[in-house]
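Have a look at the structure below before the remarks.
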Amino acid sequence: MSLYEPDIDRQTLAPRIVDFYENTNEYRLFTKVKWQAWFKPFAIIYRFISRFVKQIDLPLSSRQIEMTGEIFAINDDKDGRANTRAWVRKIKGEVVFVALYSTHEKDRRTYMNISLPLPWSSMIGILELNQIGNELQLSSKKVHTPNADSGIYLAFKHWLVKLPIEEQFHVKETTDGILVANHIMWIFSIPFLKIEYHIYHHEDVHQ
């Protein structure tokens with residue numbers, strides 16, 4: 001997390017947030033997926049595709065479910081970025097999300113650089129990290145700088161296209177040491193998906 005300083009302060013950010021991003025394998029994620037009503041017909045159609053490609057294969061139900069996962073190192077020569085890590089997430093043993101995490105720097109700001117492999121292409125999320133009190137915001141929106149790299153892109157061979165999609169995470173630590181993360185996504189500035197995570201350290205007892 002020190003890579004993202006001075007835009008965040010590792011010393012004043014909630015300790016569990018820092019620990020989660022640096023020791024992700026030590027945590028359990030419980031999630032609730034809430035599709036906006038207007039988008040549900042598209043989500044149903046998309047599921048036929050997502051089950052095949054094993055990418056962003058989210059449930060249609062809004063009931064809470066555990067999302068398991070592991071972190072793997074990726075060969076930088078094959079990925080093309082530095083210190084890339086894959087976070088593979090599963091629901092009931094089935095892969096639902098694969099994201100390759102790295103960073104890049106521009107104008108003295110470090111961005112979280114996330115690649116989602118797709119058939120013959122990849123979706124790339126460039127997120128800027130900002131601290132709000134002791135809480136963390138990760139956003140594909142250009143929060144502070146008009147020429148920031150923040151955004152969601154589709155990469156195909158040598159072509160890169162900015163998509164009309166935005167996402168934002170807000171992560172906070174509760175008084176009992178549990179992390180709550182809200183993930184909101186927009187398309188053409190219209191919200192279509194909200195995911196709520198409750199994140200527990202393995203040593204915590206989940207009721």
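- Of all heavy-atom pairs between L60 and A43, the closest is CD2-CB, 3.9 Å.
- You'll find the side chain of F20 reaches within 4.5 Å of the side chain of L29, heavy atoms only.
- For the atom pair CG of L100 and CZ of R81, the computed distance is 6.0 Å after rounding to the nearest 0.5 Å.
- When hydrophobic side chains of Ile, Leu, Val, Met, Phe, Trp and Tyr are connected at separations under 4.5 Å, Y153 ends up clustered with Y111, I124, I126, L160.
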- Does the pair W87 and I114 meet the rule for a side-chain contact (heavy atoms from CB on, under 4.5 Å), with working shown? CA-CA 10 Å; W87 189 5; I114 309 166; over 6 Å; no

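- A continuous path of Ile, Leu, Val, Met, Phe, Trp and Tyr side chains, each step under 4.5 Å between heavy atoms, connects Y197 with L13, placing both in one hydrophobic cluster.
- At distances below 3.5 Å, not a single donor-acceptor pair connects side-chain atoms of W120 with backbone N or O atoms of K157.
- Residues V143 and S150 fail the side-chain proximity criterion, which asks for heavy atoms closer than 4.5 Å.
- In plain terms, the two heavy atoms of S139 and Q168 that are nearest each other are OG-OE1, 3.1 Å.
- Here the closest non-hydrogen pair linking L127 and S140 is CD2-N, 3.6 Å.
- When every heavy atom of S102 is checked against every heavy atom of A82, the shortest pair comes out as OG-O, 2.7 Å.
- In this structure, I44 is a member of the same hydrophobic cluster as L58, with clusters built from ILVMFWY side-chain heavy atoms closer than 4.5 Å.
- For S121 against F156, the heavy-atom pair with the smallest separation is CB-CD1, 4.2 Å.
- Rounding to the nearest 0.5 Å gives a distance of 4.0 Å between CG of D149 and NZ of K106.
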- Item | Step-by-step side-chain contact (heavy atoms from CB on, under 4.5 Å) determination, W35 to F192 | CA-CA 6 Å; W35 297 96; F192 70 94; 4.2 Å; yes

- When you look at K54 and E94, which way does the side-chain contact (heavy atoms from CB on, under 4.5 Å) test go after all the steps? CA-CA 8 Å; K54 303 293 184 182; E94 294 290 327; 3.0 Å; yes

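- Residues L138 and Y21 meet the side-chain proximity criterion, which asks for heavy atoms closer than 4.5 Å.
- Contact between A181 and I199 at its shortest, heavy atoms only, is CB-CD1, 4.4 Å.
- Atom CD1 of I132 and atom CD1 of I8 lie 12.5 Å apart (nearest 0.5 Å).
- Considering only heavy atoms from C-beta on, L193 stays 4.5 Å or farther from F39 through its side chain.
- When hydrophobic clusters are built by joining Ile, Leu, Val, Met, Phe, Trp and Tyr residues whose side-chain heavy atoms come closer than 4.5 Å, directly or via intermediates, V18 is grouped together with L129.
- Proximity of a side-chain donor or acceptor of R16 to a complementary backbone N or O of G177 within less than 3.5 Å is detected.
- Transitive grouping of hydrophobic side chains (ILVMFWY, heavy atoms separated by less than 4.5 Å) keeps I184 and I195 in distinct clusters.
- The aromatic rings of F42 and W38 stand perpendicular to each other, their planes meeting at an angle above 60°, with 30° marking the opposite boundary.
- A salt bridge is defined here as a Lys NZ or Arg NE, NH1 or NH2 lying under 4.0 Å from an Asp or Glu carboxylate O, and E70 with K90 fails to meet this definition.
- Side-chain contact between I165 and E167 is absent, with no heavy atoms from C-beta onward closer than 4.5 Å.
- Between L116 and F97, the closest side-chain pair of non-hydrogen atoms falls below 4.5 Å.
- If you take CD on Q55 and OG on S50, they are separated by 9.5 Å, rounding to the nearest 0.5 Å.
- Only one option out of I91, V96, V95, I49 pairs with D57 in a side chain to side chain contact (heavy atoms under 4.5 Å, CB included); it is V96.
- Counting heavy atoms from C-beta on, the side chains of T110 and D7 never come closer than 4.5 Å.
- The NZ atom of K172 sits 10.5 Å away from atom CD1 of I17, with the distance rounded to the nearest 0.5 Å.
- The distance from atom NZ of K162 to atom CG of L154, rounded to the nearest 0.5 Å, is 12.5 Å.
- A continuous path of ILVMFWY side-chain contacts below 4.5 Å connects L179 to V33, so both sit in one hydrophobic cluster.
- Using a 4.0 Å cut-off between a side-chain N of Lys or Arg and a carboxylate O of Asp or Glu, R10 and E5 do not qualify as a salt bridge.
- Put simply, the side chain of T103 reaches to within 4.5 Å of the side chain of Y4, judged on heavy atoms.
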- Item | Residue pair D9, Q11: steps toward the side-chain contact (heavy atoms from CB on, under 4.5 Å) verdict | CA-CA 5 Å; D9 184 347; Q11 301 303 315; 3.4 Å; yes

